[in-house]
Undergrad: 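Structure incoming, see below.
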Amino acid sequence: MNKELLSIKDLHASVADKEILKGVNLTVNKGEVHVIMGPNGAGKSTLGGVLSGNPKYAVSQGEISLDGESLLEMSPEERAWAGLFLSFQYPTEIPGVTNATFLKAALGEVRRHRGLPELSASEFLRTAKSKLEYVEMDKSFLSRGVNVGFSGGEKKRNEIFQMAMLEPRVAILDETDSGLDVDALRIVGTGINRLRTQENAIILITHYQRLLDYIVPDFIHVLHDGRIIKSSGAQLAREIEEKGYDWIINN
Amino acid sequence: MVSLKTEGGQHLKEVILMEEGFRQQYVVEVGASSSLDLVMVGLPGDGEISAEMDIRLEGRDAECRLNTLYLAGGNSRFNLDVNLIHNSPDSRSSQLLKGILKGEASAAYHGLIKVPQHCIGIDAQQQSHALLLEEGARVRHLPQLEIYADDVKCSHGSTVGRLNEDELFYLKSRGVSAEDAARFLQTAFAMEVLALLDQSTLDYLRNALTQWVIM
């Protein structure tokens with residue numbers, strides 16, 4: 001059985017004619033959690049944006065494939081249907097549209113394109129309620145406007161809740177830990193852990209090791225100046241926390 | 001011509017639905033300690049809508065709120081002229097206009113607020129915002145303030161924009177189709193006015209609204 005889920009080969013990408021990614025290579029297998037760390041400006045968020053098809057970024061070279069299928073020609077929504085999920089650093093607020101309406105539309109499309117039957121209203125509600133528990137939110141969250149008036153922590157929990165509902169094959173979590181207090185960090189970390197299966201994969205983009213107190217990754221990669229310059233096991237995060245990036249960059 | 005009047009501490013709410021071919025002039029008078037809430041919804045279809053509002057605030061604590069939403073596509077035209085006069089001290093007015101245009105549709109809004117010399121303690125606000133969904137759509141906002149009194153609070157703001165790419169991307173990255181993503185953002189844009197309509201009006205408009213917003 002093929003275990004490879006996501007494959008990134010020699011990926012070059014730019015934003016506003018400035019090359020940010022300069023040849024990224026990464027293979028992610030089923031069941032794995034990868035962490036991308038790196039100093040500011042290394043290209044971490046660009047990588048998340050390029051993977052999910054943000055039109056802001058132009059890919060000039062390389063390949064990305066999900067389960068053998070090339071992603072680069074796909075629109076963002078097609079990538080979501082194929083099983084990709086990106087959690088945003090700054091989730092968008094949509095006043096007047098409730099979380100439930102939004103998620104019903106998203107889940108409906110995703111299920112349809114994956115050949116799954118549509119959920120009835122009561123099935124949707126039952127699923128939503130059980131997934132809300134993952135991030136310790138109550139069902140009143142469903143009737144609130146998407147991210148409207150949410151605290152920073154609530155927004156991040158909402159992202160993880162959406163991930164739980166959409167059941168992606170590869171989830172990229174972009175600085176999901178930033179701006180969280182200790183409790184929210186525990187909730188988000190525990191939530192992500194519960195979503196980890198042998199069939200999916202998670203890529204965490206982060207500055208800090210603190211989320212890794214909850215989630216033990218298989219690999220840690222250091223991104224610097226648009227390339228992965230070091231890949232290692234979970235212990236690398238602690239070394240970076242203590243010593244910074246310079247010793248890796250200068251090596 | 002249609003005449004609307006509130007006085008003697010009355011509070012009135014009127015919903016005006018404007019459909020293809022609508023053409024009307026309103027003369028509105030609000031007396032002391034009275035208020036009028038006007039909610040206007042313009043759905044020009046493929047034709048034209050033209051509305052002219054002459055609003056006079058004629059007593060202390062008179063208040064008029066005018067909230068308008070129009071959704072114009074095809075070759076349609078939407079015209080709204082508002083002449084609002086604060087003829088009494090301590091009167092208040094607020095106007096909010098929201099429009100979504102696509103195709104070759106065009107819209108024009110002229111909003112005049114006049115405050116004569118003796119009328120102090122006025123609070124007048126005017127906001128006009130338009131979303132252009134396609135290249136061929138056109139919009140013109142002409143806010144105009146004529147203030148002859150001191151001690152008044154007047155503000156106006158006007159924007160014309162497109163759907164926000166980052167917001168569209170957020171929705172699409174969750175698997176929402178491009179069409180629904182646009183409708184979600186249009187819903188968010190229109191909600192301030194839609195929220196003022198009661199359920200039976202929304203039900204009546206449902207068919208016309210669904211191509212624009214998700215309800």
Side-chain angles (χ1 to χ4, degrees), chain A residues 48-57 71 74-114 116 145-148 155 158-159 161-163 165-168 171-172 174, chain B residues 39 41 67-71 96-100 127 129-131 133 135 159 161-199 201-203 205-206 209-215:
Chain A
V50 170
L51 286 172
S52 54
N54 189 331
K56 183 156 92 177
Y57 303 104
L71 283 183
M74 293 188 198
S75 64
E77 59 273 30
E78 286 169 334
R79 296 180 199 210
W81 303 335
L84 206 71
F85 178 89
L86 173 69
S87 147
F88 282 51
Q89 220 174 323
Y90 306 104
T92 295
E93 298 185 5
I94 318 168
V97 176
T98 65
N99 254 336
T101 308
F102 165 54
L103 261 180
K104 236 182 251 170
L107 187 60
E109 290 281 344
V110 163
R111 288 183 65 92
R112 191 162 65 82
H113 286 274
R114 290 181 195 164
L116 299 166
V146 179
N147 294 321
V148 178
K155 282 184 180 170
N158 200 22
E159 295 287 281
F161 168 56
Q162 290 175 24
M163 172 183 164
M165 289 298 284
L166 298 173
E167 299 182 325
I172 306 141
D174 187 7
Chain B
V39 185
V41 180
N67 290 287
T68 308
L69 171 71
Y70 65 90
L71 306 165
L96 173 68
L97 174 72
K98 292 220 160 178
I100 308 178
Q127 294 286 328
H129 305 288
L131 264 186
L133 303 183
E135 294 288 332
T159 61
R162 300 186 178 281
L163 293 174
N164 181 303
E165 287 296 333
D166 290 335
E167 295 174 358
L168 283 172
F169 174 64
Y170 179 75
L171 296 170
K172 290 194 269 191
S173 79
R174 297 294 184 261
V176 174
S177 67
E179 191 195 330
D180 278 354
R183 287 201 301 151
F184 274 126
L185 296 185
Q186 287 157 211
T187 308
F189 176 82
M191 190 44 68
E192 261 179 294
V193 180
L194 285 178
L196 302 171
L197 299 172
D198 58 38
Q199 197 54 48
T201 309
L202 285 173
D203 287 341
L205 294 174
R206 191 166 295 273
L209 289 178
T210 48
Q211 59 165 311
W212 299 91
V213 296
I214 292 174
M215 300 197 302

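Everything numeric here is computed off the predicted structure, so don't read it as measured data. Computation of the quantities below employed the complete heavy-atom set of this structure, encompassing side-chain atoms and omitting hydrogens, waters and symmetry-equivalent molecules. We name chains A, B, ... by the order of the sequence lines, and we start the count at 1 in each one.
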Undergrad: Are Q186(B) and L163(B) side-chain neighbours, meaning at least one heavy-atom pair lies under 4.5 Å?
TA: yes
Undergrad: Quick check on F102(A) against chain B: is it the side chain, the backbone, both or neither that has a heavy atom closer than 4.5 Å?
TA: both
Undergrad: As an exercise: rank N54(A), L103(A), T98(A), V110(A) by heavy-atom pairs under 4.5 Å with chain B and give me the winner.
TA: N54(A)
Undergrad: Sort P168(A) into side chain, backbone, both or neither according to what part of it lies under 4.5 angstrom from a heavy atom of chain B.
TA: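 P168(A) has no heavy atom closer than 4.5 Å to chain B.
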Undergrad: When heavy-atom pairs shorter than 4.5 Å are enumerated against chain A, which of A188(B), A195(B), S177(B), A178(B) gives the highest number?
TA: A188(B)
Undergrad: Sequence neighbours left out, what passes ring pair (Phe, Tyr, Trp, His ring centres under 6.0 Å) with Y70(B)? Give chain and number order.
TA: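 Applying ring pair (Phe, Tyr, Trp, His ring centres under 6.0 Å) to Y70(B) gives F78(B).
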Undergrad: Relative to chain A, which of L171(B), D180(B), V213(B) shows the most heavy atom pairs under 4.5 Å?
TA: L171(B)
Undergrad: Could R174(B) and E109(A) be called an ion pair, given the rule that one side-chain N must be under 4.0 Å from one carboxylate O?
TA: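 Answer for the salt bridge query: no.
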Undergrad: When you compare the side chains of D174(A) and Y90(A), does any donor N or O come within less than 3.5 Å of an acceptor on the partner?
TA: no
Undergrad: Looking at F189(B), is K98(B) sitting on its ring face, NZ or CZ under 6.0 Å from the six-membered ring centre and within 45 degrees of the normal?
TA: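 Relative to the ring axis of F189(B), which defines the angle, K98(B) lies inside both limits.
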Undergrad: When only pairs under 4.5 Å are counted, which of Q162(A), M165(A), E78(A) shares the most heavy-atom pairs with chain B?
TA: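 With the most close heavy-atom pairs to chain B, the winner is Q162(A).
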